[in-house]
Amino acid sequence: MEYIVLVISAVLIKNILLAEYLGNCPFLGTSKRMDTAVGMGLAVIFVMTIATAVTYVVQHMVLVPLNLGYLQTIAFILVIAALVQFVEMFLRKFAPPLYVALGIFLPLITTNCAVLGTAILCIRRDMNFPEAVVFAIASASGFTLALILLAGIRERLEISNVPRALRGTAIGLIMAGLMSLAFFGFVGVDGSLKEFIQN
Amino acid sequence: MLSAALFLLVLGLVASVALAIASRAFYVWEDPKVLAVTDALPGANCGGCGNPGCASAAEAIAAGLASANICVAGGFEVAQAVGEIMGQRVEEREPEFSWTSCSYGVGNAEPIFSYNGASDCHAAVMLYGGSKLCPVGCIGLGSCVKACQFGALAIGDDNLPVVDYSRCVGCGACVDACPKNIVALVSQTRRIISEYVTDECTAPCQRACPTGIHIPGYIREIRNGNYEEAVRIIKEKCPLPLVCGYICPAPCELSCRRNFVDEAVAIDPLKRFVADHEMTTGKHIDPYKCTDNEIKIALVGGGSEGLTAAYYLARLGYQPTILEAKPELGGILRYVIAEDRLPRNVLDHDIQGILEMGIEANTNVAMGRDFDVCSLLKDGYDAVVVTSGGFDSRKILKPEQERYDAAIPGLFIMLDLLTAFSQREEIHLGKHAVIANGGLKALELARKCRDMGAEIVTIVSDQPLSTLPVDFHDTKVLAEEGIEVRASATVAAMRGIGERMDRIALEDKDLTGDISKKRTIIDADTLIVPAGRLPEMAFVHAAGKPETEGERVRWQTIETFRTFPKGGGYGILSSPEPGRISDSSAVVKSILSGRRLARAIHQNFTDGTITPIPNLVWEAADILDVTEVNGVNPSERQCPTVSDVEGDSKTAWIFPEEYPGLDEPAARQEAERCLQCGLICYDKNT
Amino acid sequence: MKLLRTFTKGLWEELPPFRLVLGLCPVLAVTKSAETGLGMGLAVIFVLTCSNVLVSCLRNVIPRKVRIASYIVIIASFVVMVELASQAFFYKIYESLGIFIPLIVVNCIILGRAEAFASRNGIIPSALDGLGIGLGFTMSLTVLGAIREILGAGTLFGTQVMWSSFRPFTFMVEAPGAFISLGVLLALMNAFSKTQQS
Amino acid sequence: MKEAAHMIVVLVIICTVCGVALSGFREMTAERIENQVLMNVQGPRVNKVLEGSQNDLIADRKVIKIDGQEVLLFMGKKDGKPWAIAYETLGKGFGGDLKVMVGYDIENDKLTGIQIVSHKETPGVGSKVTEDQFTQRFKGIEIDLKAEPEKRLSKKIDAISGATYSSQGVYEAIGKSLQLYMAIKKQDLSTK
């Protein structure tokens, strides 16, 4: 039951893109077309889940026992960078169709702050391992949801009469803002759910 | 401190070793050539090469399915780099650029409704083909701009696309994106050989001009004071601007839309004004020239047609040589037109300008006397073009010549032949003679040919049998006589070895104007043309055979023009006047013939066939136009009008001594009168 | 002159994140107030300049294949330093920037400049480039932060600047306000450059 | 292979150098950071719990060992004499651990107050336990050291409705705190 709250919170209320401000560069960069948005979203789900699990292990098996908490940033980013490259090679060898579909997005993900951000958030919020994994999947799904929604809007904007100065990223940002406003409507849903579970 | 350093050391080690192992374990073989080529390509994935992206283009190149220079975006440098990887030699491709023809934006063109829908050209076109009345008007919503991967296109302030030529790579994505076919890719070559078609934006004056000068374009430059640019625009289509400025009958002025309001713009005097300006500067303004090639072309005849053909061939990069029988170049312009109509310094200036394009000219050499088609082909020319134009053919034969077909093997002119028959001369016609057209006279001639020893005589007519004189109808009887009638057909080619013609290709003609391409080859020794002078013809080495057989050259003709507006002709001797691409009644018309000859030669050496031009703009073409002009204030024409017989305004027949031409203020003022017409648009605030 | 341009281009022509639409996450997240914007900007200046210099120093040593990984390690080290330093000396800002300090590592501007500029240029130009771009970034963050703080809280750098009866548009300090105000600023900037051009 | 070795060596060297540099930097800043954390995280809470003290509470902190566990103890002084102490304990709330700072008047065996240092309760629901309305209720409650663990506080504080779990977390922390308090009381504070 707690996981349901966690998932709802991560996807809708604390959406990683629209409320936590993470992963905005690829959000605006890859939301121009629906097919790239879907590809990017799936790649992020894939990588974020693995990355969070691995960094969680690194944090709790290595950094904490060695009292090296302050090296978290550098350790995580190294692990993620290596992991992404590893995944890329792995997919290329063993799942060529998946590689063709997601391959071009993988290098983009290393510098996607949503991945590092989620990994760090899991640690900062003192989650346990299953929670961290569920949180990562949910966050990435939230990312994908927002990305796909925005891509749908932007595909329509392409053929609309947008004032010249607003064309491109500017209108994309404003659309993201309006979406974020809409997602505000979910605030409190988790509270009531928790209350419901609690009592 | 130690633990931190150790930790990072181990982490770095583990990560890099793991990756190193992984890159081994998960190694996927990739053609190093594909990788290298992918690196060399620009990576814009524009699709201009026809592959979905640069990576697949690289695969195609590496697999040998595509040539090293397929990347239009990367240009020569990329092609060279790719060629180096692939071990191929790369030849430079002519750059192509995006080009748009519409000049009246949505705000200025004639609207049929105002459009407020989705901002996309394709969407807008779905509604009655767009908001403009003009069928070839730019929608202005920028689908081409969105398609451009290189940022070379933008929609300008007047809602028309503007090309940034420094960025355009000629990939053609915009061309595919435009629903109105307004954006086109042009190379200099294509611009040089282009003909106007009905579905592009042309002004009425432009269409009326046989040479097709972009008249609104040069008048606009005169307005802005860019006289050099004006000359350059004129020279794009007309190599003799000054000559035309003096003697052109100016059919353009008859179709000027100003005639609906007051009087035509003085188009021709304006041309004379800028061309005079060029002459006073003493420097020739040279139009664009393509990269040189090594193909040598001989042009027989140095009149306006030969000069023009040479001019265009030189611009296309060929090496033309003019062979003129007279002591000086110029033909009718020099030897027929009165000097007080066309001062010779004017002619010399223009001819000098043409020769400067890289043309060799030999005078005092005559066809039939000093050379003939075979000798020229043997002397290393790749093509021989007969541009003898308006001159009577008989004069170019040697006086002591016994054979009348010495200049062009196997070709007789009906008049020559009839004269010879009447003088009871012996003429060897061979076994099979072909008479092209000629009406009833042809039948008489055919019988005479039989008498002279020809076993079979074929009469070819491009008309259907039913419209031929009744004498032709009983083909059976005629066949018994040895006379064969081929109606609805045309002579498509001649072929021969040395001084003998051996074959003629006939092509069935479809009355709907369609080319059926049904060819029949007949063994023929003689072709008789029922005309008083030689047609324009172009000869090349025979295709698919060794160039020579012993000492004798194999040769064949190529078509000089092919189009199918109704009634228009094709084949080497097309009607109404056999062999004429156009007539020589005015210098502008022979300029057109010259240009089309150059086009034919160029197409022959590049594509191998002469492609027809559908929707060609010609006199009887069906084209959208306006019948009245509104919102234009009358203004006075700045130069005298001379009326011709029908009372239409004309300026051409003014003697230069009487009229010195427009001075600069008058020219600028006259240029302001131009309505800058498009297909149906015009400037309403003039 | 050329060096000067290397420096000044970051302030207008390549002003991040408006001209170089990169590094948006911190721009959106930490501009709740002018102060946090400024703090983040300063942190980025430090990391950008230092990493540019170091990458430029090492540009001939690092093999091509591991250059990105090496740059990331270098950048991450400076980020950890910033993290520690801000914790030690500016705890308030450290707290309000929260997770976004470690996330400087993945700020595309920094990796982008290391790859696009520092790995191809000498130390002094690289330093100037880092400084210029960093300064531009700081400027943008502070301006955006100021706008959001004034409208969203009625204050600037913590002091009340709006009249007392002003009711702040709370949404300005929330995520939607971040997106919308950045979008509007970007549009204004586009409009301004258009008029400047013509 | 040689190329791979080169890559590995360069990367490892860079990592190691960075590690050394960072740990050096860490050594330099460690003490200040600790201070800063105390000042900014515990500081305001301690000051509130031990209101009325005249000394610098953060500076006068000490670590004592009780039953094998280390406790960070803040001591309030009045006129140079210790009068109250405060320290943190953990309770389990709905969302996770609740850190509660509890202050004691050591002269009168009374609670001087409690403060929530950190929590992970649902905003607007469980988070009500951090509000003064709830925490102020604990101020001045007398402690019966000899009573059963459940009855050590002289007054029962009701849980916040809707935040039962969170309130119970706070009670749990206070209970643990009282346990420690009894141990601490047995030691002579002034000497340490």
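If you're wondering where the values come from, they're calculated on a predicted model, not measured in any experiment. Every chain is numbered from 1 and lettered A, B, ... according to where its sequence line falls, protein lines coming before strand lines.
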### Message
Test your reading of the model: is there a side-chain donor-acceptor pair from A:Tyr70 to the backbone of C:Val80, 3.5 Å cut-off?
### Response
no
#### Entry: chain A contact via C:Leu28 - side chain, backbone, both or neither, heavy atoms under 4.5 Å
both
### Query
Of the backbone (N, CA, C, O) and the side chain (C-beta and beyond), which part of A:Leu17 lies under 4.5 Å from a heavy atom of chain C, both, or neither?
backbone
### Query
Can you name the nearest heavy-atom pair linking A:Arg124 to C:Pro102, along with the distance?
NH2-CG, 4.0 Å
### Summary
Greatest number of non-hydrogen atom pairs under 4.5 angstrom with chain A, of C:Val27, C:Ile99, C:Asn190, falls to C:Ile99
### Task
Take A:Val115 and C:Val106 through the test side-chain contact (heavy atoms from CB on, under 4.5 Å) and record every step on the way to the result.
CA-CA 10 Å; A:Val115 177; C:Val106 282; over 6 Å; no
### Message
On a heavy-atom basis, which atom in C:Glu174 and which in A:Phe184 lie closest, and how many Å separate them?
### Response
CB-CZ, 3.4 Å
### Query
Using non-hydrogen atoms only, which part of C:Leu182 is less than 4.5 Å away from chain A: side chain, backbone, both, or neither?
both
### Message
If I measure from the heavy atoms of chain A, does C:Gln87 come under 4.5 Å with its side chain, its backbone, both, or neither?
### Response
neither
## Note on the structure
Whatever's closer than 4.5 Å to a heavy atom in chain A on C:Val30 counts as neither
### Task
Counting only heavy atoms closer than 4.5 Å, note whether A:Ala176 contacts chain C via side chain, backbone, both or neither.
both
#### Entry: Heavy-atom pairs under 4.5 Å with chain A, option from C:Gly177, C:Ala76, C:Ala175, C:Ser181 with the top count
C:Ala175
### Message
Quick check on A:Ile80 against chain C: is it the side chain, the backbone, both or neither that has a heavy atom closer than 4.5 Å?
### Response
neither
